[in-house]
J.: 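Got a structure here, written out as structure tokens. Questions coming.
We use all heavy atoms of the structure for the numbers below, so side chains are in, but hydrogens, waters and symmetry mates are not. Just so it is clear, the structure is predicted and the values come from calculations on it, not from any experiment.
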2 protein chains.
Amino acid sequence: MFSQTEENYIKAIYALSVQTGKAVSTNLIAEKMDTKASSVTDMIKKLSDKKLVNYKKYQGVSLTKMGQKTALSIIRKHRLWEVFLVDKLDFSWDEVHDIAEQLEHIQSEKLIDKLDEHLGFPSFDPHGDPIPNKEGKFKERKKILLCELPIRTEGVCVGVKDSSSQFLKFLDKNKIALGDKITIVDREKFDSSMHLKVGERAVHISQKIASNLYLKLI
Amino acid sequence: MFSQTEENYIKAIYALSVQTGKAVSTNLIAEKMDTKASSVTDMIKKLSDKKLVNYKKYQGVSLTKMGQKTALSIIRKHRLWEVFLVDKLDFSWDEVHDIAEQLEHIQSEKLIDKLDEHLGFPSFDPHGDPIPNKEGKFKERKKILLCELPIRTEGVCVGVKDSSSQFLKFLDKNKIALGDKITIVDREKFDSSMHLKVGERAVHISQKIASNLYLKLI
DNA sequence: AATTATTTTTAGACTAATCTAAATTTTAAA
DNA sequence: TTTAAAATTTAGATTAGTCTAAAAATAATT
Ligand SMILES: [Mn+2]
Ligand SMILES: [Mn+2]
Ligand SMILES: [Mn+2]
Ligand SMILES: [Mn+2]
């Protein structure tokens, strides 16, 4: 159907579109895809010819209905494969992204539906991100960043904003995982770092960590 | 490491090399890969530069040690994925080849080793073909074609020579599967067709079927 | 409003993989 | 052992995706 390259562009445009809420600029795509603006312009034209994006010169791009459908299908595949790798093959959550980047391009509707079933129709991937269903529908969880949690209020860790291997390994080292109950015991005025209670354990984390952990209130 | 295209050429050269037992000709590769001889020549040069094949102009090609290692690694991946699709995702044996053609190109040593473990280190794929281990070693089963089986001698079905969807579906329809005990009850002189006993059932098959089913003696 | 600065697009070139058509080499036949 | 046929390689072109450098359009500053 579409080439891997086209699919990767579609996915990038989708992510940037959701992130910024407006038409996506050439330079932004170029940065995200680690390529040059001129290459992006070329690809945009191709995607536009294929009715995947709306494009007027110099005005940025947005996904068409069909582009969105395509993006969600790729994201669904990516996240289901991540669940597979963690749940069935016992990978840790910091190892799965790169492999899923490859697996997401395998073309077989039946494969992904069978995989979905095999995994028990999961709603979230190992990083807490929602998995679109066959129709592209998914429920975004009501969640807040840890740094926005009121003091002495309990929350449950449900996701990460930054899902880089670096950050995930840091969380592992500090024994912070999805499902953990977290309370802010105290904030340091000086550097906005926080003293937490994770389960029964006391943990001290920086502002940067706090602004990359998602919690849900209970 | 290598492109999908390069990997597919390597795999084709390996198969033809095993099949014919001699240096593989440009035309043979072209036919197998459904491409033109000139394209094959170009690719052979590239593979030769990369030390994957031995090549002297007009003399055909053979795989180097490294080429063989590469081929076996791809075949290992292909067959393990086929086992996964059948054993874990409940695909039937005639549906898995095309999907495995894609999955075999996923690059991750760890993935394939974990998959191998998850599947219980299988020795044969759903079509009865042997699966090379991490070192590329595999045991070829001693097997004969059904058409070579002496009359009234019992054998166990262990593989197919033709693994096309057409043939596999035919076997399903006639309830012939790997593991079944088969005896030739009688041969028809006229068309070399055979009256079999498959388990307790009587089945009549053509010469063509008989020359595409592998049995082991017991 | 005119001038910079930035962003985006175009022009031209490159690589990987493919093709057709022509040239060359090898093999088979006369 | 010439000649004809078949196989193989080369030459030149094409497409997808990329790049650099230059041109054009938009945005930001005087
Ligand atoms: Mn990708
Ligand atoms: Mn994820
Ligand atoms: Mn392949
Ligand atoms: Mn097989």
J.: When the distance from CG of A:Asp49 to P of D:dA16 is rounded to whole Å, what number comes out?
T.: 11 Å
J.: Would you mind reading off the distance between A:Ile29 atom CD1 and C:dT7 atom C1', rounded to a whole angstrom?
T.: 13 Å
J.: Less than 4.0 angstrom between a side-chain N/O of A:Lys45 and OP1 or OP2 of C:dT10, yes or no?
T.: yes
J.: Measure from the side-chain N and O atoms of A:Lys114 to the backbone N and O of B:Asp90, and report whether any donor-acceptor pair falls under 3.5 Å.
T.: yes
J.: With a sphere of 6.0 Å drawn around CD of B:Gln166, does it hold more than 12 non-hydrogen atoms of other residues, nucleotides or ligands?
T.: no
J.: Between C:dT18 atom C1' and B:Met43 atom CE, what is the distance in whole Å?
T.: 10 Å
J.: Measure the distance from CD on B:Glu6 to P on C:dT18 and round it to the nearest whole Å.
T.: 10 Å
J.: Can you measure A:Glu7 atom CD to D:dA16 atom P for me and round it to whole angstrom units?
T.: 16 Å
J.: Would one find a side-chain N or O of B:Ser39 under 4.0 angstrom from OP1 or OP2 of C:dC19?
T.: yes
J.: Does the side chain of B:Tyr9 get closer than 4.0 angstrom to OP1 or OP2 of C:dT18 through an N or O atom?
T.: yes
J.: Below 30° counts as parallel, above 60° as perpendicular, anything between as tilted: where do the rings of A:Phe170 and A:Phe167 land?
T.: parallel
J.: Any idea which heavy atoms bring B:Lys161 and B:Ser211 closest together, and the distance?
T.: CD-O, 3.9 Å
J.: Check this for me: A:Glu101, atom CD, are more than 12 non-hydrogen atoms of other residues, nucleotides or ligands nearer than 6.0 Å?
T.: yes
J.: In whole Å, I'd like the distance from the CD1 atom of A:Ile44 to the C1' atom of C:dT10.
T.: 14 Å
J.: Quick check for you: among D:dC19, D:dT8, C:dT18, whose closest atom lies nearest to any side-chain atom of B:Tyr58?
T.: D:dT8
J.: Determine: side-chain N/O of A:Asn27 to OP1/OP2 of C:dT6, distance under 4.0 Å, yes or no.
T.: no
J.: Quick check on C:dT9: is either OP1 or OP2 less than 4.0 Å from any side-chain nitrogen or oxygen of A:Tyr55?
T.: yes
J.: Write down the distance between CD (B:Glu31) and C1' (D:dA6), rounded to a whole number of angstrom.
T.: 14 Å
J.: Remember a base hit wins even if backbone is also touched, and classify B:Thr26 as base, sugar-phosphate or nothing at under 4.0 Å, heavy atoms.
T.: sugar-phosphate
J.: Determine the contact category for B:Thr41: base if any of its heavy atoms lies under 4.0 Å from a base atom, sugar-phosphate if only primed atoms, P, OP1 or OP2 are that close, otherwise nothing.
T.: base
J.: With no angle test and no hydrogens, is the base of D:dT20 tied to the side chain of A:Ser38 by a donor-acceptor pair under 3.5 Å?
T.: yes
J.: Please tell me which of the listed nucleotides, D:dT10, C:dT26, D:dT18, lies nearest to the side chain of B:Lys57?
T.: D:dT10
J.: Strictly below 4.0 Å: does A:Lys36 bring a side-chain N or O up to OP1 or OP2 of D:dT20?
T.: yes
J.: Check the distance between D:dA27's C1' and A:Gln59's CD and give it to me in whole angstrom.
T.: 12 Å
